[in-house]
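Working notes, beginning with the structure itself.
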Amino acid sequence: MAETNQTYQDLGYDKIFVSLDGTERQTKVLHRAIVMAANDNAELYIGHVIDSTALETAGTYPVDLIPSLEKDFRESIAEQVAEAESEPQIKSAKVIVKAGRIRETLKDDMLDVIKPDLVICGARGLSSIKYAILGSISTFLTRSTTCDVLVVK
């Protein structure tokens with residue numbers, strides 16, 4: 001293969017959706033999404049689902065809990081969101097937080113609405129027992145989306 005001086009950056013992604021889970025790994029995942037969105041001059045959607053399953057099974061659903069969890073999440077990524085918003089190569093950066101069952105909410109309320117070209121998520125590293133019972137969001141995303149999925153380890 002002949003060498004060229006051409007740099008390949010734009011991969012053709014116009015809408016990039018990054019799914020964050022609130023863990024310490026999300027900083028690395030969001031950083032990767034910001035870099036890729038800047039390289040492709042793309043729109044960046046930052047999504048997070050507050051898992052309501054535990055609240056539903058407990059039988060109580062404190063109305064003030066969801067806004068508090070959303071506020072905590074938004075604060076945890078505020079610096080990186082500001083970085084994305086100030087990056088001239090990123091067309092727009094939008095944070096979307098919804099409460100619900102993770103898989104259904106991600107697919108129905110976020111991905112099916114936004115229709116991204118690329119989904120980025122983290123590999124959570126569940127134990128084999130938890131994985132057998134719960135599955136993984138990254139596996140769910142690779143199977144249920146029609147676009148590319150990047151799993152950041």
Approximate separation, where rounding is to 0.5 Å, of [X] [atom1] and [Y] [atom2]:
X    : Y    : atom1 : atom2 : result
I120 : F17  : CD1   : CZ    : 10.5 Å
S92  : E87  : OG    : CD    : 13.0 Å
E70  : E75  : CD    : CD    : 11.0 Å
I34  : E83  : CD1   : CD    : 4.5 Å
F140 : S19  : CZ    : OG    : 10.0 Å
L106 : S144 : CG    : OG    : 8.5 Å

Could you check if a side-chain atom of [X] sits within less than 4.5 angstrom of a side-chain atom of [Y], using non-hydrogen atoms only?
X    : Y    : answer
L11  : N39  : no
I96  : V113 : no
D14  : E43  : no
D148 : Y13  : yes
M110 : V49  : yes
L150 : M36  : yes

Tell me, please, which residues at least two apart from K107 pass side-chain hydrogen bond (donor to acceptor under 3.5 Å, both in side chains).
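Partners of K107 by the side-chain hydrogen bond (donor to acceptor under 3.5 Å, both in side chains) criterion, ordered by chain and then number, come out as D112.
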For D21, all residues meeting salt bridge (Lys or Arg N to Asp or Glu O under 4.0 Å), sequence neighbours excluded:
R124
Within a 6.0 Å radius of atom NZ on K94, are there more than 12 heavy atoms belonging to other residues, nucleotides or ligands?
no
Using a 6.0 Å cut-off, check whether atom CD of E79 has over 12 heavy atoms from anything other than its own residue.
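12 or below, so no.
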Not counting sequence neighbours, list each pair that qualifies as a ring pair (Phe, Tyr, Trp, His ring centres under 6.0 Å) and has a residue in residues 68-110.
H48-F73
Heavy-atom pair of closest approach, residues [X] and [Y]:
X    : Y    : answer
C121 : V149 : SG-CG1, 4.4 Å
G122 : V151 : C-CG1, 4.1 Å
A37  : L44  : CB-CB, 4.1 Å
D40  : G12  : OD2-N, 3.1 Å
L20  : V29  : CD2-CG1, 4.0 Å

Without swapping roles, check the side chain of K15 against the backbone of I114 for a donor-acceptor pair under 3.5 Å.
yes
Would you mind telling me which of V152, I16, T27 makes a side chain to side chain contact (heavy atoms under 4.5 Å, CB included) with R32?
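For R32, the side chain to side chain contact (heavy atoms under 4.5 Å, CB included) test succeeds with only one of V152, I16, T27, which is V152.
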Exactly one of V119, L141, L111 should register a side chain to side chain contact (heavy atoms under 4.5 Å, CB included) with C147. Which one does?
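Single side chain to side chain contact (heavy atoms under 4.5 Å, CB included) partner of C147 among V119, L141, L111: V119.
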